[in-house]
Amino acid sequence: MDAIAPSIKILSETIIIGRRIKMSLSDDNTHLLWQSFMPFVNDIEGRTNTDLISMQCYPASYFTEFNPSNTFEKWAGVSVTSILQIPDGLESYIVPGGLYAVFHYKGSSMDKRVFHYIFTEWLPGSLFVLDDRPHFEVLGEKYKNNHPDSEEDIWIPVKEKNVSIK
């Protein structure tokens, strides 16, 4: 996989309305989550755009004690301006603002090499460490699910490394 240079962005607090499930990488139920969420999309008022959000909320120890069987919370949702109106069957989540490394990825969503690159090559060699906030992918108009020409933006929460100068 070719190296992808991220842009570093500051995200303002963001409200997501969607559905969630608990799952693991070894018991991946992403397709069931999206299948259960998509019938609600047109009923969500106050959307900020037409993008879909695939979000992961990992426990604090998830990456330090990595195991494909460890569970995390996966969301299928959209970004909204407020939580005034939540359709029955959906929930809201407020994503705290902060620094993100944003990788523009082109390729099949089934190809997980991009995540391997981010976590084993880019992150260790960067000026950042992982922050304990949600990770998410923005699935915009160029997203085509498992198609090799699909495009999405991968948002990884980061904070600057504490570097001490001696």
Side-chain angles (χ1 to χ4, degrees), residues 6-105 108-110 112 114-115 118-119 123 128-147 150-160:
S7 54
I8 305 300
K9 297 185 179 182
I10 297 174
L11 178 76
S12 300
E13 184 177 271
T14 302
I15 304 167
I16 303 295
I17 289 183
R19 295 195 87 168
R20 65 181 166 148
I21 59 170
K22 205 164 207 140
M23 59 179 259
S24 67
L25 292 177
S26 59
D27 186 22
D28 187 342
N29 289 311
T30 301
H31 65 288
L32 295 175
L33 174 63
W34 282 100
Q35 200 172 48
S36 71
F37 171 68
M38 289 308 290
F40 292 95
V41 169
N42 294 328
D43 297 334
I44 301 172
E45 295 179 18
R47 291 180 61 180
T48 60
N49 54 44
T50 58
D51 298 341
L52 299 172
I53 305 293
S54 178
M55 183 171 70
Q56 297 75 228
C57 299
Y58 299 105
S61 63
Y62 187 84
F63 291 98
T64 55
E65 300 168 13
F66 181 76
N67 180 323
S69 298
N70 290 347
T71 59
F72 59 93
E73 201 172 81
K74 177 105 172 185
W75 283 75
V78 296
S79 173
V80 296
T81 55
S82 71
I83 336 175
L84 296 177
Q85 194 75 334
I86 302 175
D88 288 342
L90 299 183
E91 301 176 73
S92 66
Y93 187 98
I94 298 175
V95 179
L99 208 57
Y100 276 84
V102 182
F103 297 83
H104 183 75
Y105 171 67
S108 170
S109 55
M110 296 302 289
K112 302 303 180 194
V114 66
F115 292 101
I118 291 169
F119 293 112
L123 193 58
F128 304 96
V129 293
L130 207 52
D131 200 2
D132 186 19
R133 289 179 285 119
H135 300 222
F136 60 92
E137 294 81 48
V138 176
L139 313 176
E141 61 184 39
K142 293 185 178 181
Y143 181 74
K144 300 175 187 172
N145 201 4
N146 299 329
H147 195 279
S150 183
E151 294 183 38
E152 64 188 87
D153 287 329
I154 300 168
W155 290 63
I156 305 296
V158 294
K159 58 186 176 183
E160 291 183 26

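In what follows, every heavy atom counts, from backbone to side chain, and hydrogens, waters and symmetry copies are set aside. Numbering of residues begins at 1 and proceeds along the displayed sequence.
- We find the CD-CD distance between Glu151 and Glu141 to be 9.5 Å, quoted to the nearest 0.5 Å.
- Counting heavy atoms from C-beta on, the side chains of Val78 and Phe40 never come closer than 4.5 Å.
- No donor-acceptor distance shorter than 3.5 angstrom exists from the side chain of Arg47 to the backbone of Asn42, with no hydrogens or angles considered.
- For the pair Ile21 and Leu32, the minimum side-chain heavy-atom distance is 4.5 Å or more.
- Of all the heavy atoms in Pro87 and Ile17, the pair that sits closest is CD-CG2, 4.5 Å.
- Side chain of Asn70 to backbone of Glu65: a donor-acceptor contact under 3.5 angstrom is found.
- For the atom pair CD of Gln35 and CZ of Arg19, the computed distance is 11.0 Å after rounding to the nearest 0.5 Å.
- Side chain of Ser150 to backbone of Lys144: a donor-acceptor contact under 3.5 angstrom is found.
- Residues Asn146 and Ser109 meet the side-chain proximity criterion, which asks for heavy atoms closer than 4.5 Å.
- Counting heavy atoms from C-beta on, the side chains of Phe128 and Ile156 never come closer than 4.5 Å.
- In this structure, Trp34 and Gly77 approach most closely via the heavy-atom pair CH2-N, 4.0 Å.
- For Glu91, the CD atom sits in a packed shell: over 12 heavy atoms of surrounding residues, nucleotides or ligands are nearer than 6.0 Å.
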Report task. Would you check, one step at a time, whether the test side-chain contact (heavy atoms from CB on, under 4.5 Å) holds for Val102 with Val138? Result -> CA-CA 10 Å; Val102 182; Val138 176; over 6 Å; no

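- Residues Leu11 and Pro96 share a closest heavy-atom pair of CD2-O, 4.4 Å.
- One distance of note links CD of Glu137 with OG of Ser54; it measures 4.5 Å at 0.5 Å rounding.
- Interatomic distance, Leu99 CG to Trp155 CH2, rounded to the nearest 0.5 Å: 10.0 Å.
- Closest non-hydrogen pair, Glu45 versus Val80, comes out as O-CG1, 3.9 Å.
- By the 4.5 Å heavy-atom criterion applied to side chains, Phe119 and Leu130 are counted as neighbours.
- Between Ile53 and Leu139 there is no side-chain heavy-atom pair separated by less than 4.5 Å.
- Proximity of Val158 to Leu123: side-chain heavy atoms (C-beta onward) are separated by under 4.5 Å at one or more points.
- Considering all non-hydrogen atoms of both residues, Pro6 and Ala101 come closest at CB-CB, 4.1 Å.
- A donor-acceptor contact shorter than 3.5 Å links the side chain of Thr14 to the backbone of Ser12.
- Of all heavy-atom pairs between Phe37 and Gly18, the closest is CE1-CA, 3.6 Å.
- Aromatic pair Phe72/His135: ring centres not closer than 6.0 Å.
- Taking NZ of Lys22 as the reference point, atom NZ of Lys74 lies at 15.0 Å (rounded to 0.5 Å).
- Not a single donor-acceptor pair under 3.5 Å links the side chain of Asp131 to the backbone N or O of Arg133.
- To the nearest 0.5 Å, atom CZ of residue Arg20 and atom CG of residue Leu33 are 11.0 Å apart.
- By the 4.5 Å heavy-atom criterion applied to side chains, Tyr100 and Phe136 are counted as neighbours.
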